[in-house]
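Remember, predicted model here, so these are calculated numbers, not experimental data.
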Protein chains: 2
Amino acid sequence: MAVKVAINGYGTVGRRVADAVAVQKDMKIVGVVKTKPTFEAFSAMNKNYPLYTTSKENIRLFEEAGLKVEGLVKELIDEADIIVDGAPDGIGIENKEKFYIHMKKKVIFQGGEKPGTADVSFNSTSNYKNSIGRQFVRVVSCNTTGLCRTLGPIISNYGIESVSAVMIRRGPDPADIKKGPVNAIVPDPVTVPSHHGPDVNTIFPDLNITTVALKVPTTLMHMHTVNVKLKNGTSTDDVIGLFEKAPRVVLIKAAEGIKSTAHIMEWAKELGRQRSDLNEIAVWHESINARKGELFYMQAIHQESDIVPENVDAIRAMLEMESDPLTSVRKTDTAMGLKQWWK
Amino acid sequence: MAVKVAINGYGTVGRRVADAVAVQKDMKIVGVVKTKPTFEAFSAMNKNYPLYTTSKENIRLFEEAGLKVEGLVKELIDEADIIVDGAPDGIGIENKEKFYIHMKKKVIFQGGEKPGTADVSFNSTSNYKNSIGRQFVRVVSCNTTGLCRTLGPIISNYGIESVSAVMIRRGPDPADIKKGPVNAIVPDPVTVPSHHGPDVNTIFPDLNITTVALKVPTTLMHMHTVNVKLKNGTSTDDVIGLFEKAPRVVLIKAAEGIKSTAHIMEWAKELGRQRSDLNEIAVWHESINARKGELFYMQAIHQESDIVPENVDAIRAMLEMESDPLTSVRKTDTAMGLKQWWK
């Protein structure tokens, strides 16, 4: 029997997670919450996701706009086995106080919430088992997820002395027309190191990692330059082989015309996935360089979608539907049509 | 008596060097070369720089446009004591074969030419003396100049085990409307490490430096994140003190509203210099962080203008007008109105 999943906040993350959940054999969407009758709400209706909202006044507004509303958010939470909170940054903790604690519900928060919001932080291939049976879990941010996906296999195979990474972040998301920068490079934060290293430590507590971050005028993807000091030396070819078989990591080649984040997104359109997303972390084949116990690579992160499959796996862990991480990851990836790393 | 300087190529670099030379007491501009009768040519005429061009056909075009031409490039080279070659990347080496070698002239090339084009690479505060009396000298690129300006004092004061730097480069210059990227992050080169490290080694041959580079959609400045392993430990305050007194390095503060490269360029406008340039390297005060023998900082490079004072100093070295580097740097900086690091 499929577990009942509610999506509280049907925005950039919420609507993607809804679609990813809907294609899993062991899950179903019992409803999504939207605060305004925008195009996303119509999209949810067209997909037959029961629509909930946050006040009686809102129900009236939705019905005036031609949208059928099933009820208020509290009723949806009541019905669900688990809630994926996709509310804007900082609202998740408010929802926790308002609903989740006293209603004794299991909830997945997103990386925009502070680590303390949940009992544990989550990355499917790195620390799945820590979330088994938990009430509150936080899927780490897109950037942290990207670092964990590629650093995890390196830790397991060679050991890591230290990591130094620079995160060249996209300014706003594609439709976020109110934010910049339009023509500037913005140290963000201007202090070094950035908070991304400590966030990776919520997944790998013992990893010695230092990060620096800045924002640039682009909307498509984040990029990371990663420099790893290895405990045990390796070769460039070995690392390429490692990433070739790593879940949710894809190798891309400048030689095949994928020369920028824009090219990655064009290539992703050819994959034919929902919203032309790229849920995997894209590592440039040509950038991988291992020498003298030191490893370099560059990777790109589709900030809107890489954390989507992690949300699906977190559901399985928290509801104790699957105890083996890779079995869950494989189920998720098969249903979503992601890289077949098991082949 | 002032030495006679010719500017072969009156573009982004050439017209800036012309103005910087013109304000030095020991130098004068005997002419500038332009291939087309564009606004830069009118600007040169208005500044009373004798105008030269590359063919008789061009002379006719210039005169039709209302520009007085003194003669052809060969005549100007003949008259000059030294030539600053400001031709587009790769044309300098052609000019060398065509004119400079057989005319036995001293010439400064820019960083866009390959290192082998000249006998020696040049940075005023790092290796001035190597260029004394030389015929062909190459002022290293804006990025390499930026790294040398801040790494030089660190090498002298603490010693460096290794440097790892990421260069987040502006896409095109502000008026370069044909180039991108508009909305992408472009690894450039996609291989790691980039050529910038070896270029720094033309100035500091023994420095262990690794660089990674990428282009982003902005026109204003480059940015560098720099991570230095020190031979001798130091403190954040010591490094701040070091940069405060370093020539051609300025400390900027996010706390004072300088939060991005765009803010730096706005601040530079308040300085009232020619073209609102910032010839110094701007280091974010808040980004400087020294701990356990490791140092981090972020700096921004005004790609169009940081190498301008180096061209002036290179003239003094090559023509043996001044044997002491800092005496030349101080003369140049006083005339140009740059940071008074000697006070």
Under 4.5 Å to a heavy atom of chain B? For A:Val216 that would be side chain

The reported gap from CG in A:Leu214 to CD1 in B:Ile168 (rounded to nearest 0.5 angstrom) is 4.5 Å

Taking every heavy atom of A:Pro187 against every heavy atom of B:Lys259, the minimum-distance pair comes out as CD-O, 3.4 Å

If one checks every heavy atom of B:Met223 against chain A at 4.5 Å, the contacting part turns out to be both

If one checks every heavy atom of A:Ile288 against chain B at 4.5 Å, the contacting part turns out to be neither

Most heavy-atom pairs under 4.5 Å with chain A, out of B:Val166, B:Val190, B:Asn227, belong to B:Val190

Whatever's closer than 4.5 Å to a heavy atom in chain A on B:Ser164 counts as side chain

When the 4.5 angstrom heavy-atom criterion is applied to A:Ser287 and chain B, the contacting part is both

Chain A shares the most heavy-atom pairs under 4.5 Å, among B:Val186, B:Asp188, B:Ile264, B:Val182, with B:Val186

> Distance-only, no hydrogens or angles: does the B:Thr261 side chain make a donor-acceptor pair with backbone N or O of A:Ile185 under 3.5 Å?
Replying inline: yes

- Is it true that the side chains of B:Thr219 and A:Asn183 contain a donor and an acceptor less than 3.5 Å apart? yes

Residue from A:Glu294, A:His285, A:Met221, A:Arg291 scoring the most non-hydrogen pairs under 4.5 Å with chain B is A:Arg291

Whatever's closer than 4.5 Å to a heavy atom in chain A on B:Thr191 counts as both

Between A:Pro217 and B:Thr218, the two heavy atoms sitting closest are CG-CB, 4.1 Å

If one checks every heavy atom of A:Pro193 against chain B at 4.5 Å, the contacting part turns out to be both

Honestly, the part of A:Met265 sitting under 4.5 Å from a heavy atom of chain B is neither

